[in-house]
Amino acid sequence: MRTTCTRLIPIVVLVLTVVSTAWCGAANKELTIKELGAQFPRLDDLENLFEVSSEYVLQPGFDTNGELTQIRAAPKYFFENSHPEWRELDSPTSMPVKKYRSLLAHIQSIKVLGNLVRRGKVGFTLNLQTSFWDEYKEGTVERTMIRDSPQQSYSVTRFAVHYLHPVSGTIDAKEVALFGRRVKIDGKWFWTQASVFKTLVVGGQA
């Protein structure tokens, strides 16, 4: 009987570890959702949509441990399939740069990006909208901007905050993107630091 119990101990410890990890992940996610909900009304529990204005919503993204990996701000019509009442307007939806900066500050109160390292100056243009990448100490911000003519100031149509992510698990793929380095784990891409990226091997463990 003593031998059987001894053999069961590692199994019990493993089960408790898995349960504890799952519980902590769920707790982390719910805490972030609660913090977002304290600043922005929650409109959709299934897709985790939080209202910024009559035109915009925030949507957080999480890893399997419940850690916040990204937050994107997008026009409501991006979710027209699940919310038919959110129709695209005839004119482009955008927010002033001042509003963008204020919203980014609110997001940083949930999880910090750190100091700005490099602001994107060269972007990609499609349908009069240009995307720029800003590098921060703890992540990157992809902002898409629009203006009707070179004489006018830009406004922001949408943006996404991508946080640097601790790397753990089997490395499915890795790549150097134009504005950072990212790795693929369990089918999801995560941005990571250059020093960590150099040590990773595809197919290996981190």
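Throughout, numbering of the chain's residues begins at 1 and tracks the sequence.
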Is the backbone of [Y] close enough, under 3.5 Å, to the side chain of [X] for a donor and an acceptor to pair up by distance?
X      : Y      : value
Thr32  : Asn28  : yes
Tyr56  : Thr93  : yes
Thr157 : Thr144 : yes

Tell me, yes or no, whether the heavy-atom count around Arg147 atom CZ, taken from other residues, nucleotides or ligands under 6.0 Å, exceeds 12.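 Yes, because the 6.0 Å sphere around CZ of Arg147 holds more than 12 heavy atoms from other groups.
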Evaluate the criterion salt bridge (Lys or Arg N to Asp or Glu O under 4.0 Å) for residue pair Glu55 and Lys76; output intermediate values, then yes/no. CA-CA 6 Å; Glu55 298 177 324; Lys76 285 183 175 180; over 6 Å; no
Less than 4.5 Å apart, any side-chain heavy atom of [X] and any of [Y]?
X      : Y      : value
Leu104 : Leu113 : yes
Leu164 : Phe190 : no
Val57  : Trp86  : yes
Val161 : Gln70  : no
Thr192 : His165 : no
Glu51  : Phe40  : no
Leu68  : Ile110 : yes
Phe79  : Gln59  : yes

Scan side-chain atoms only and decide if Ser109 and Gln39 contain a donor-acceptor pair under the 3.5 Å cut-off.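 Per modelled atom types, Ser109 and Gln39 side chains form a pair under 3.5 Å.
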With no hydrogens and no angle check, do the side chains of Thr140 and Glu135 hold a donor and an acceptor under 3.5 Å apart? no
For Arg182 and Trp189: C-alpha separation, side-chain torsions, deciding distance, then whether side chain to side chain contact (heavy atoms under 4.5 Å, CB included) applies. CA-CA 6 Å; Arg182 62 180 191 166; Trp189 287 99; 3.5 Å; yes
I'd like to know if Asp63 and Lys188 make a salt bridge, using a cut-off of under 4.0 Å between side-chain N and carboxylate O. no
I'd like to know if Glu80 pairs up with Arg87 as an ion pair, taking the criterion as any Lys NZ or Arg NE/NH1/NH2 lying under 4.0 Å from an Asp or Glu carboxylate oxygen. yes
Criterion side chain to side chain contact (heavy atoms under 4.5 Å, CB included) on Ile107 and Leu58, from CA distance to verdict: CA-CA 9 Å; Ile107 290 174; Leu58 291 179; 4.1 Å; yes
Looking at [X] and [Y], what are the two nearest heavy atoms and their distance?
X      : Y      : answer
Asp186 : Asp172 : N-OD2, 3.0 Å
Leu36  : Pro60  : CD1-CG, 3.8 Å
Pro75  : Arg158 : CD-CB, 4.2 Å
Phe159 : Arg143 : CB-CA, 3.8 Å
Lys111 : Tyr163 : O-OH, 2.7 Å
Tyr154 : Thr130 : OH-OG1, 4.1 Å

Once rounded to the nearest 0.5 Å, what's the spacing between atom [atom1] of [X] and atom [atom2] of [Y]?
X      : Y      : atom1 : atom2 : value
Ile171 : Phe197 : CD1   : CZ    : 10.0 Å
Ser155 : Gln129 : OG    : CD    : 9.0 Å
Lys99  : Ser53  : NZ    : OG    : 6.5 Å
Arg181 : Leu200 : CZ    : CG    : 12.0 Å

Whether Trp133 and His162 hold their rings parallel, tilted or perpendicular, with breakpoints at 30° and 60°: parallel
Could you please spell out the steps behind the side chain to side chain contact (heavy atoms under 4.5 Å, CB included) verdict for Val183 and Glu175? CA-CA 6 Å; Val183 296; Glu175 68 175 21; over 6 Å; no
Go through it in stages, so that I can follow the logic: the residues are His106 and Ser102, the test is side chain to side chain contact (heavy atoms under 4.5 Å, CB included), and I'd like the CA-CA distance, side-chain angles, deciding distance and then a yes or no. CA-CA 6 Å; His106 280 287; Ser102 173; 3.9 Å; yes
